[in-house]
Q: 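This is the structure I have questions about; it appears just below.
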Amino acid sequence: MTLLQLKYIVKIVECGSMNEASHELYVSQPALSSSVKELEHELGIEIFTRSSQGIALTVDGAEFLTYARQVLDQASLLEERYKNAKPRKQLCSVSTQHYMFAVEAFVEMINSIKSDEYEFTIRETRTKDIINQVANMQSEIGILYLSDFNKNVINKLLREKHLVFHPLFRANLHVFISRDNPLAGKKKVTMEDLKPFPFIQYEQGSEGSFYFAEEAVWPEYSPKQINVTDRATILNFIIGLNGYTVCTGIDNGDLNNEKIVTVPLDTDETMLLGWITNERAKLSTAAQTYLDKLRTVIASHGYKLID
């Protein structure tokens with residue numbers, strides 16, 4: 001086993017495919033594949049499963065990846081100490097539902113990192129993709145919510161993929177609406193109040209279901225409904241089309257407070273926000289810093305953290 005082989009494994013996971021990793025490593029794909037197979041044979045485990053859809057980490061592979069990253073970090077420290085080499089580039093990947101506080105904490109984390117080189121990734125994506133990316137170690141952390149409606153289905157999927165949910169805080173439901181909306185001045189709104197306006201929700205793909213929806217509640221019937229994939233679009237539609245979406249109620253400087261407001265939704269439903277991680281993974285220093293910043297940001301918005 002060599003450090004080069006460990007670097008190969010880490011890069012393949014980061015890229016998500018053998019082909020892309022071979023380009024970034026300047027190694028031919030057959031040579032890269034052969035090196036991985038030699039390592040698997042030496043260790044007596046299968047690190048990746050291979051299919052027509054691509055590659056994915058096995059359970060043994062996910063555990064091996066954690067140790068490989070630790071060894072590479074230690075090797076980097078040795079080189080830095082005795083060869084005056086540059087510190088190893090800091091890496092951190094987070095997958096999240098479309099939450100402003102998650103991005104705000106990511107910015108705070110990057111600003112706090114004292115490193116000349118880093119490569120950080122944040123993916124605002126579909127619920128099922130978050131779970132799969134953390135399971136495949138493409139992301140160290142995933143951020144999503146549980147509710148009375150979806151918790152049994154989501155928790156079952158997390159258990160099957162060896163993932164652990166860590167609660168952060170509980171939020172009462174709100175809606176984002178335009179400041180020009182006639183409901184903007186109300187202390188609370190009901191789903192019936194919102195019926196005349198377009199309901200905007202995050203699209204969950206062909207395999208999506210209500211259990212994976214980012215919105216904890218939705219209208220029984222909405223004559224006007226728009227599906228979107230990114231947060232900027234949803235905010236533009238709220239302003240331009242006088243639409244609404246269901247949310248935690250947390251906003252920040254990214255939200256145009258002159259044009260968009262949050263109004264409490266009259267419902268007993270709540271969202272339990274939390275983070276997921278692979279039970280076999282050891283979080284990087286950057287990922288731990290991100291969690292610290294995440295808790296600080298949440299608390300700054302007046303929410304009580306769950307220990």
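The first residue in the sequence is number 1, and the count goes up from there.
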Q: Compare all side-chain heavy atoms of L291 with those of L283 and state whether any distance is below 4.5 angstrom.
A: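 Heavy-atom side-chain distance check passes, below 4.5 Å.
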Q: Is there a side-chain contact between Y244 and L265 in this structure, where contact means two heavy atoms from C-beta onward sitting under 4.5 Å apart?
A: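 In short, these two side chains do not touch, never coming nearer than 4.5 Å.
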Q: Kindly say whether T190 contributes a backbone atom to a donor-acceptor pair with the side chain of D193 at under 3.5 angstrom?
A: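 Such a contact is found between D193 side chain and T190 backbone.
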Q: Does any N or O in the side chain of E215 come within less than 3.5 Å of the main-chain N or O of Y202, such that one atom is a donor and the other an acceptor?
A: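 The answer is yes, because a donor-acceptor pair under 3.5 Å joins these two groups.
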Q: Just wondering, do C15 and E24 contact through their side chains at under 4.5 Å, heavy atoms?
A: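 Yes. Closest side-chain heavy atoms under 4.5 Å.
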Q: Just by distance, do the side chain of S35 and the backbone of A31 share a donor-acceptor pair under 3.5 Å?
A: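 Pair absent, no side-chain N/O of S35 close to backbone of A31.
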Q: OG1 of T270 to CG of L146: how many Å apart, nearest 0.5 Å?
A: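 Going from the OG1 atom of T270 to the CG atom of L146 covers 10.0 Å.
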Q: Would you confirm whether the ring centroid of W275 sits within less than 6.0 angstrom of the ring centroid of F165?
A: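 No.
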Q: Given side-chain contact (heavy atoms from CB on, under 4.5 Å), test E104 with H301 step by step and report yes or no.
A: CA-CA 11 Å; E104 185 179 350; H301 285 285; 3.1 Å; yes
Q: Considering non-hydrogen atoms only, spot the tightest contact between A102 and I122 and give its length.
A: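 The pair with the smallest heavy-atom distance is O-CD1, 4.1 Å.
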Q: Short question: side chain of N278, backbone of A135 - any donor-acceptor pair under 3.5 Å?
A: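 Present.
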Q: What's the shortest heavy-atom distance between E203 and T229, and which atoms?
A: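 For E203 and T229, the tightest heavy-atom pair comes out as OE1-CG2, 3.7 Å.
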Q: Could you check H98 against E124 for side chain to side chain donor-acceptor pair (under 3.5 Å), going step by step and ending with a plain yes or no?
A: CA-CA 6 Å; H98 299 77; E124 288 189 321; 4.8 Å; no
Q: I would like to know whether V263 and L183 meet side-chain contact (heavy atoms from CB on, under 4.5 Å); could you show each step before the answer?
A: CA-CA 9 Å; V263 180; L183 302 176; over 6 Å; no
Q: Does the pair K37/E40 count as a salt bridge with the N-to-O cut at 4.0 Å?
A: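 No, no charged N to carboxylate O under 4.0 Å.
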Q: Measure across Q201 and N227 and return the closest heavy-atom pair with its distance rounded to 0.1 Å.
A: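 Distance-wise, the nearest heavy atoms are NE2-OD1, 2.9 Å.
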Q: Can any side-chain N or O of S22 pair as donor or acceptor with the backbone N or O of N19 at less than 3.5 Å?
A: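 Yes, the answer is positive, given that a donor and an acceptor are paired below the 3.5 Å cut-off.
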Q: When the ring centroid of F101 is compared with that of F169, is the distance short of 6.0 Å?
A: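 Yes: the rings meet the under 6.0 Å criterion.
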Q: Any luck finding a side-chain donor-acceptor pair between Q138 and S93 under 3.5 Å?
A: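 Looking only at side-chain atoms, S93 and Q138 do not form any donor-acceptor pair under 3.5 Å.
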Q: Verify the distance criterion only: is there a donor paired with an acceptor across the side chains of N136 and K161 at less than 3.5 Å?
A: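 Judged by distance alone, the side chains do not pair up.
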Q: Hey, are the side chains of I55 and T49 touching, using non-hydrogen atoms and a 4.5 Å cut-off?
A: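 No; the side chains remain at least 4.5 Å from each other.
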Q: Heavy atoms only: give me the nearest T58-F48 pair and the separation to one decimal.
A: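 Between these two residues, the closest heavy atoms are CG2-C, 3.9 Å.
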Q: Can you name the nearest heavy-atom pair linking I12 to V36, along with the distance?
A: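 That would be CD1-CG2, 3.7 Å.
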Q: Can you check whether P30's main-chain N or O pairs, donor with acceptor, with S34's side chain at less than 3.5 Å?
A: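 No: the side chain of S34 does not pair with the backbone of P30.
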Q: Do N150 side-chain atoms and S147 backbone N/O form a donor-acceptor pair below 3.5 Å?
A: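 Present.
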Q: H41 and E46: side-chain contact (heavy atoms from CB on, under 4.5 Å), yes or no, with the steps?
A: CA-CA 8 Å; H41 179 74; E46 187 179 38; over 6 Å; no
Q: To the nearest 0.5 Å, what is the distance between OG1 (T245) and CZ (F199)?
A: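 Output value for this atom pair is 5.5 Å.
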Q: For a quick test of reading the model, state the closest non-hydrogen atom pair linking L305 to I298 and the distance between them.
A: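 Looking at all heavy atoms of both residues, the closest pair is CD2-CG2, 3.8 Å.
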Q: Answer yes or no: is there a side-chain heavy-atom contact under 4.5 Å between R69 and K282?
A: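 Not in contact.
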Q: Does CD belonging to E192 count more than 12 external heavy atoms closer than 6.0 Å?
A: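 No, CD of E192 has 12 or fewer neighbouring heavy atoms, counting only those of other groups under 6.0 Å.
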Q: Keeping the roles fixed (side chain from Q97, backbone from T127), state whether a donor-acceptor pair exists under 3.5 Å.
A: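 Checked: no pair found.
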Q: Scan side-chain atoms only and decide if S139 and R123 contain a donor-acceptor pair under the 3.5 Å cut-off.
A: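 Yes, a side-chain donor-acceptor pair sits under 3.5 Å.
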Q: Quick check: do T262 and V175 have side-chain heavy atoms less than 4.5 Å from each other?
A: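 A side-chain contact under 4.5 Å is absent here.
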Q: Would you say that K151 contacts F149 through its side chain, given a criterion of any heavy-atom pair below 4.5 Å between the two side chains?
A: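 The answer is no, as the side chains (C-beta and beyond) never meet within the 4.5 Å cut-off.
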Q: Are M1 and L72 connected in the hydrophobic side-chain network, where two residues link if heavy atoms are under 4.5 Å apart?
A: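 The answer is yes; both residues are in one hydrophobic cluster.
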Q: Counting only heavy atoms not in E42 (residues, nucleotides, ligands), do more than 12 fall under 6.0 Å from its CD?
A: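 Yes - once you tally the heavy atoms of other residues, nucleotides and ligands closer than 6.0 Å, there are more than 12.
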Q: Is the number of heavy atoms from other residues, nucleotides or ligands within 6.0 Å of CG (D268) greater than 12?
A: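 At most 12 heavy atoms, drawn from other residues, nucleotides or ligands, come within 6.0 Å of this atom.
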